[in-house]
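Below: the structure, in structure tokens.
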There are 2 protein chains.
Amino acid sequence: MNITKAPSSTPDLVAAVSSDLTPTERLIAEAVLAEPTLLAFGTVSDLAGRVGTSRPTIVRFANKLGFDGYTKLQRHVRSEMSHLITRPSERIRHNAEKMRPAKAAISSAIETVFSALEGNRLAALSDLIVKARNVWILSGETSRAGAHAFLSKLSMVRPGVRLLEEHSMGTELGNAGPGDVAVVFDFYRYRRQVVNAAGILADAGVEVIAITDNPLSPLVELTDNWCEIEVPAIGPFDSSVPAVAIAELLVSQVARDLQEEATARIDRIEALWETSEVFL
Amino acid sequence: MNITKAPSSTPDLVAAVSSDLTPTERLIAEAVLAEPTLLAFGTVSDLAGRVGTSRPTIVRFANKLGFDGYTKLQRHVRSEMSHLITRPSERIRHNAEKMRPAKAAISSAIETVFSALEGNRLAALSDLIVKARNVWILSGETSRAGAHAFLSKLSMVRPGVRLLEEHSMGTELGNAGPGDVAVVFDFYRYRRQVVNAAGILADAGVEVIAITDNPLSPLVELTDNWCEIEVPAIGPFDSSVPAVAIAELLVSQVARDLQEEATARIDRIEALWETSEVFL
DNA sequence: GCCATAATGTAACGTAATGAACATTACTAA
DNA sequence: TTAGTAATGTTCATTACGTTACATTATGGC
């Protein structure tokens with residue numbers, strides 16, 4: 001059960017009442033969230049001008065937030081801001097120490113993703129995917145999130161994309177052949193089943209694209225089209241972040257290359273979603 | 001040789017003219033240096049009252065600092081203060097305002113992930129997950145990769161983790177109740193089904209943790225435990241990278257908190273994999 | 001199609017803001 | 001001492017701020 005505690009920060013303040021906000025008040029909320037100094041420094045007229053509404057509406061907004069007039073609201077925000085200013089070190093960087101290694105690790109991994117796609121690399125890989133009859137996706141455990149992202153996004157851009165799950169590998173492998181492309185994600189502690197399947201596909205004349213973490217990876221023997229990216233450890237597990245990142249970059253290039261066809265496809269899917277009221 | 005550049009910070013400003021200050025003006029200087037918010041928030045009257053002088057003296061002080069009236073001085077101080085309080089991530093966001101290369105977009109988004117977990121935020125969320133009887137995971141489309149990563153990794157750390165898929169939501173929702181926690185990922189173009197399900201869970205007494213992209217998200221109404229992260233666009237699609245990142249950081253903290261239990265679990269699973277020769 | 005109600009805008013009022021002109025005090029030098 | 005100048009205080013005009021009361025427009029139920 002939620003005890004109704006007094007919210008302090010501006011986002012919390014707004015969030016607490018975000019449910020029953022009138023349209024114009026919602027605009028005000030967005031404005032003050034986007035520009036935190038508006039409330040602290042701005043006058044009622046400033047805010048009204050920015051949002052494109054009248055001054056009383058601003059005052060009513062302050063009332064709805066639980067303050068007796070705009071002045072009270074501003075006083076509160078200013079006092080919050082004072083606390084932030086007087087103690088920047090403690091307040092902002094409290095737990096930063098603990099998380100800094102993770103942050104550095106992720107940033108570095110993201111760097112390797114971009115270097116792996118440097119030059120004409122991204123274009124070359126995208127070209128293979130664009131020209132392929134079918135695209136088969138294989139992945140190990142830590143790369144599964146990347147494979148899923150790749151599947152769901154590439155499927156919106158072109159047809160014939162299939163994710164090979166462990167249980168269905170046997171039956172589906174037979175459908176692959178020359179003219180197809182296999183995108184294989186696998187990282188250290190390479191999965192026997194993934195590597196085997198990739199080998200079978202390569203033998204069957206399928207062009208293999210390997211996303212892996214080491215030039216010595218068994219996947220590299222299968223193809224010239226491979227990317228080496230770094231997989232950092234986040235806590236006890238290997239991170240899927242770089243795999244997802246490279247998957248998304250690949251898809252975005254493919255979408256660029258397919259331009260008309262891709263946009264047409266996306267539009268169709270969007271329309272379907274729209275009519276089936278998937279969104280709020 | 002010092003080129004006479006415009007001094008920026010308040011102390012610099014005061015120091016630049018500290019040589020020829022009248023006694024009263026010196027008092028003013030001391031006051032504003034001691035309390036930085038005085039200039040930013042206070043009126044001429046406030047300051048005069050605090051220092052024990054008259055209002056014109058304050059105005060003359062502003063003039064001596066090189067400003068055309070107190071208002072101009074205050075405007076300058078406020079803009080300085082704005083720069084101080086805006087986070088680095090936001091600064092990146094504004095700098096790369098025009099067109100955002102994918103790399104900058106991803107970096108900025110990763111920044112927001114860490115900001116969202118600053119202070120005791122990460123610990124608090126982890127605590128909820130550690131103490132929960134069951135953990136239910138819900139997600140929309142662009143956050144699916146994050147949800148999957150969360151599921152697969154959290155499952156290795158503790159039991160009772162379930163991903164609510166769209167088709168099975170109806171039947172599974174009934175099993176949730178007080179003592180449980182729901183981790184909900186959903187971003188703009190919020191999915192009707194996800195929001196509805198989250199609402200049902202909240203009503204059933206389930207503690208909701210919301211990972212979303214806006215304080216005005218419908219998920220925020222349901223809980224005090226929410227994180228705002230940025231979702232950049234990579235090509236035509238929204239990126240799953242930040243969702244995956246925050247999922248992994250959460251799991252890593254949970255694993256830290258569960259220490260022995262978690263390592264025991266992980267060891268068991270590893271052993272299973274080992275004997276079934278999953279790896280090469 | 002109409003009425004009740006919520007949402008928003010307009011007008012007006014009292015207060016307090018800044019800055020400038022003017023007055024007074026303190027200090028220094030001849 | 002006294003004249004002159006710098007420092008400070010007083011008064012006032014103008015502006016703009018926040019707020020309330022009232023009018024108008026949109027919205028939703030019947």
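Reminder, nothing fancy here: chain letters follow the sequence lines and each chain counts from 1. Because only heavy atoms are used, hydrogens play no part in the values below, and waters and symmetry mates are left out as well, while side chains stay in.
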query = Is the distance from OP1 or OP2 of D:dT10 to the nearest side-chain N or O of B:S54 less than 4.0 Å?
reply = no
key: Between B:T71 and B:Q74, a side-chain donor and acceptor under 3.5 Å   = no
Atom-pair distance (CG on B:L27; P on D:dA7), nearest Å = 14 Å
task = Could you tell me the separation between the OH atom of A:Y70 and the C1' atom of D:dT19, rounded to a whole number of Å?
result = 14 Å
inquiry  = Distance check needed: D:dT19 P versus A:D68 CG, whole Å only.
reply    = 8 Å
request  = Look at A:T57 and C:dA7 and indicate whether a side-chain polar atom (N or O) is within less than 4.0 Å of OP1 or OP2.
outcome  = no
inquiry  = For a quick test of reading the model: is some side-chain N or O of A:T22 closer than 4.0 Å to OP1 or OP2 of C:dA6?
reply    = no
request  = Tell whether B:R60 reaches the base of C:dG19 with its side chain through a donor-acceptor pair below 3.5 angstrom.
outcome  = no
inquiry  = Distance check needed: D:dA21 P versus A:N63 CG, whole Å only.
reply    = 12 Å
inquiry  = Under 4.0 Å, heavy atoms only, any strand: does A:P23 hit a base, just the sugar-phosphate, or nothing?
reply    = sugar-phosphate
key: Interatomic distance where CD belongs to B:E25 and P belongs to D:dA7 [whole Å]   = 8 Å
query = 5'-most contact on DNA chain C: A:T53 or B:D46, nearest heavy atom basis?
reply = A:T53
message = Any carboxylate oxygen within less than 4.0 angstrom of a Lys/Arg side-chain nitrogen, looking at B:D127 and B:K131?
response = yes
request  = Would you kindly give the CD1-to-C1' distance between B:I28 and D:dA7, to the nearest whole Å?
outcome  = 12 Å
key: Ring-face cation contact, B:F114 with A:K103, 6.0 Å cut, 45° max   = yes
message = Once you measure the plane-to-plane angle for B:H148 and A:H148, does it fall in the parallel (<30°), tilted (30-60°) or perpendicular (>60°) bin?
response = parallel
note = Side-chain contact check for A:T24: nearest option of C:dA21, C:dT8, D:dC17 is C:dT8
query = Should the heavy atoms of other residues, nucleotides or ligands under 6.0 Å from CZ of A:R265 be counted, would the total exceed 12?
reply = yes
key: Phosphate OP1/OP2 of D:dA16 contacted by A:T43 side-chain N/O (<4.0 Å)   = no
request  = Please check the phosphate of D:dT19 (OP1 and OP2 only) for any side-chain N or O of A:T71 closer than 4.0 Å.
outcome  = yes
query = For B:I58 and C:dA20, what is the distance between atoms CD1 and C1' respectively, to the nearest whole Å?
reply = 16 Å
remark   = Between CZ of A:R75 and P of D:dG18 the distance, given in whole Å, is 12 Å
task = Kindly point out which of D:dT10, C:dT8, C:dT18 is positioned nearest to the side chain of B:R55?
result = C:dT18
